[in-house]
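Reading through the structure tokens given below for one structure.
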Amino acid sequence: MLLNGDFYYLLDQSRDMLLAQSIVIDHKLTLIGARTGLGGLFHGALWIYMITPFFMLAKGNPFLRLPLFLNL
């Protein structure tokens with residue numbers, strides 16, 4: 001994906017960034033994560049809390065967030 005210089009920013013990544021944004025900017029903490037394709041079923045919130053510091057460091061820019069996250 002990144003070897004060819006491509007950057008895929010799809011629905012799942014957008015959803016996760018919006019959830020991180022609601023934590024950082026709107027100060028809305030959550031106990032449930034993103035919705036799944038099944039009604040009433042949610043992912044855990046740990047993933048959102050893991051990407052939130054990278055959202056803050058990159059100031060919400062997904063192109064800057066990815067290199068920061070890959071260096072872990």
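Because only heavy atoms are used, hydrogens play no part in the values below, and waters and symmetry mates are left out as well, while side chains stay in. This chain uses plain numbering: 1 for the first residue, then up along the sequence. This structure is a prediction, so every number in the text was calculated from the model and none was measured.
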Backbone N or O of Leu41 within a donor-acceptor pair of the Thr36 side chain at under 3.5 Å? yes

Met17 and Gly60 have their tightest heavy-atom pair at CE-O, 3.4 Å

More than 12 heavy atoms from other groups under 6.0 Å of CG on Leu31: no

For the residue pair Gly33 and Phe42, what are the closest heavy atoms and their distance? O-CD2, 3.6 Å

Applying the side-chain contact (heavy atoms from CB on, under 4.5 Å) criterion to Phe55, which one of Asn61, Val24, Ile48, Leu19 satisfies it? Val24

Distance check, rounded to the nearest 0.5 Å: Leu57 atom CG versus Thr52 atom OG1? 11.0 Å

Ala45 and Thr30: which non-hydrogen atoms are nearest, and at how many Å? CB-O, 4.0 Å

Using every non-hydrogen atom in the two residues, find where His43 and Arg35 come nearest and quote the distance to one decimal. CD2-O, 4.0 Å

Of the non-hydrogen atoms in Ile23 and Leu29, which two are nearest, and what is the gap between them? CG2-CD2, 4.0 Å

How many angstroms lie between atom CD1 of Ile25 and atom CE of Met56, to the nearest 0.5 angstrom? 11.0 Å

